[in-house]
Amino acid sequence: MTPLISLRKVCRVYGAGETAVWALRDVDLEIDEGDFVAIMGPSGSGKSTCMNILGCLDTPTSGTYRFRGIDVGSLDRTQRALLRRHAIGFVFQGFQLLGRTTALENVELPLIYQRVPKRERRRRAMEMLDAVGLAGREHHTPAELSGGQQQRVAIARALVTRPSLLLADEPTGNLDSARKFEILDLLLRMNRERGVTVVMVTHEPEMGEQAARRIVFRDGRVESDERLRPLEARTA
Amino acid sequence: MILSILAMAFREIRRHKMRSALTTLGIVIGVGSVVALVTVGEASSAKVRADMAAMGNNLLQVFPGSARRGPVRTLARPFQEEDALAIRREVGSLALVAPLATHSGVAVAGNSNHFTNVWGTTEDYVEARGFRIGRGRVFRDSEQGVAVCVLGNTVRDKLFGDRDPIGESVRIGSLSCQVIGTLQAKGANAWGSDQDDFILMPLRTVQRRLKGSRDVNSILVSVSRESAIPRVKSQIESLMRERRKIRPGQEADFFVHDMKEVAEAMQEVTGTMTALLGTIAAVSLLVGGIGIMNIMLVSVTERTREIGIRMAIGATAGEVLLQFLMEAVVLSLLGGLGGVLFGLAASLGMSAALGLPPVFVPWIIGVAFVFAAAVGVFFGFFPARKAAMLHPIEALRHE
């Protein structure tokens, strides 16, 4: 079976010549569908760069990144946007919700770009908000929600399009410890129930331990890659 | 999709009501002045046309010009009644020919007096100038030399007020004549001069009893069809050259005045004014457009993170561009709408102040919106492109 994600000798270099910074050096990595991967490492180790490449927000300087066998490097900007639209969901450390816009509208946003008709859009967004435990909060704006609730909205927004890959960049970084585990549990549950592949960057060991697989980056290379739990066969 | 983007644009504009209102002000003024200008321009041309029509149809007027006698220019010799008869006889396509002997003096009736013009002519004059008879009648050809007169409305009003002047007598100098008719008012012409301030008398009466000469000061010619005017004009010119014995190549000592040309000259003045004011309108549209561009650039910077979010979620550069372009176009169209309302109100006010008839020019509304949309697209494109070119990662990091 083709892995969902396959990186081959991926390098990402910022700048050129003497001042060039190698954010990633010859990274080889495969992630199968349904996995829950934690990416760890000190800051500057290349984990964010790797996430950006996985999310098709950035492209490798050299090497190939295949998503479901598609060479992302050969896609243009618009094609990469379409790939993000249909197959990838993002959750960010800073939530990145649209301000002065209700939770419901935030969750509907990706469906607008997918041209889902209004009625169905609304239904799916409501369903998704319910799934992340925010039923009854759909008309609150981000400013009226707590950090944990905002991150739930962000997760709902990322998953409402039923993507195959969910990229979470320090999703619990801005939350207190009780909320951290709630969000982590939510991600684990979504992985388990919906089969969405999750790649989560974190610098907190207790978060990383909950993942099925833990990859540690250092100086732009993969330092260690261990499986903590067997990858469960996807339930139909 | 377009509808969703449109909804987003309206929402964004509603969020910044004050800012949006101020931004569109330039467009409101620009479009408003275009609308007001065209409407008022159209109203004043309509007024000029109406005045010309009121003056009489297809009129030519033959005047003596100046003649060179050695180094001195003097007024050329006047015409004779025979000149008018010759024109009537030899030139085709004529409706009416009226010779005019002019005199001016104080008209006295009872205790009232009024300084006015006395025009000695034939009954054709009234019809050629398109005057309508108020009361009584106009003199007939058989009354040439008889002391009768017809009063223009202004003279009637000054001398008699509300009294009936028919049968009364009016004295000019030593000549006392009986009022047999009055004319309806025409009002002021396009130049603002009173068209009703005169007394009509039979030609010979003025010649013999007021002026003491057989001179005719001008000849009024009414042409039967507008299309015949140029031909009639040149025929009169060659006929008069012949009668006044002017050699070929020699400068004529008379001229033939085409009232249509005067109207056209008036229209041209109006046209120049319109062009000038149009330039001002164009400048305010330009300034309005730059205002929109400026505020859109600010908006793109303010909303950099939003753009990053949209791109991460899967918006293409084209969709981001469309979103911002749509906002600019909606803004300028709202400005256009305001401008049309403002312009129509302003032109109503201006027409009323200038004494012009209220005119509505429907196509200007279409033009106004096309202008507004064009300004929106033109000045919205650069900020929208700036938004579309943002890199999603950097946009997301933007504070």
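Since the structure is predicted, the reported quantities are computational estimates derived from the model, not experimental observations. Labels below follow one simple rule: chain letters A, B, ... track the order of the sequence lines, proteins then strands, and each chain is numbered from 1.
Judged by distance alone, the side chain of A:N191 and the main-chain N or O of A:T197 form no donor-acceptor pair under 3.5 Å. With hydrogens and angles disregarded, a donor-acceptor distance shorter than 3.5 Å links the side chain of B:T24 to the backbone of B:A21. Proximity of a side-chain donor or acceptor of B:S351 to a complementary backbone N or O of B:S347 within less than 3.5 Å is detected. Not a single donor-acceptor pair under 3.5 Å links the side chain of A:E193 to the backbone N or O of A:M190. A:T101 places a side-chain N or O within donor-acceptor distance of the main-chain N or O of A:G99, the cut-off being under 3.5 Å. Proximity of a side-chain donor or acceptor of A:D71 to a complementary backbone N or O of A:G73 within less than 3.5 Å is detected. Using modelled atom types, one side-chain atom of A:K47 and one backbone atom of A:G41 make a donor-acceptor pair closer than 3.5 Å.
Proximity to chain B (any heavy atom under 4.5 Å) is shown, for A:I88, by neither the backbone nor the side chain. No part of B:E394 comes within reach of chain A, as not one of its non-hydrogen atoms sits under 4.5 angstrom from that chain. Neither the backbone nor the side chain of A:T49 has a heavy atom closer than 4.5 Å to any heavy atom of chain B. When heavy atoms are compared at a cutoff of 4.5 Å, A:E105 approaches chain B solely by way of its side chain, counted from C-beta outward. For a residue to count as touching a neighbouring chain, one of its non-hydrogen atoms must lie under 4.5 Å from one of that chain's; by this rule B:A315 touches chain A with backbone and side chain alike. For chain A, no part of B:R303 is nearby; none of its heavy atoms comes within less than 4.5 Å. Neither the backbone nor the side chain of B:A7 comes within less than 4.5 Å of any heavy atom in chain A. At a 4.5 Å heavy-atom cutoff, B:L3 makes no contact with chain A through either its backbone or its side chain.
Salt bridge present: A:E204 and A:K180 bring a charged side-chain N and a carboxylate O closer than 4.0 Å. No salt bridge links A:E33 with A:R194; every basic N to acidic carboxylate O contact stays at or beyond 4.0 Å.
A:R85 and A:Q114 form no side-chain donor-acceptor contact under 3.5 Å, judged by distance and modelled atom types alone.
Among B:H391, B:E306, B:E319, the residue making the largest number of heavy-atom pairs under 4.5 Å with chain A is B:E319. In terms of heavy-atom pairs under 4.5 angstrom with chain A, the leader among B:S4, B:G308, B:A312 is B:A312. For the set B:M8, B:R15, B:R11, the count of heavy-atom pairs under 4.5 angstrom toward chain A peaks at B:R15.
Between A:F67 and A:Y65, the angle of the ring planes goes over 60°, which puts this pair in the perpendicular group of the 30/60° scheme.
Within residues 145-169 of chain A, the residues having any heavy atom less than 4.5 Å from a heavy atom of chain B are, in residue-number order, A:R157.
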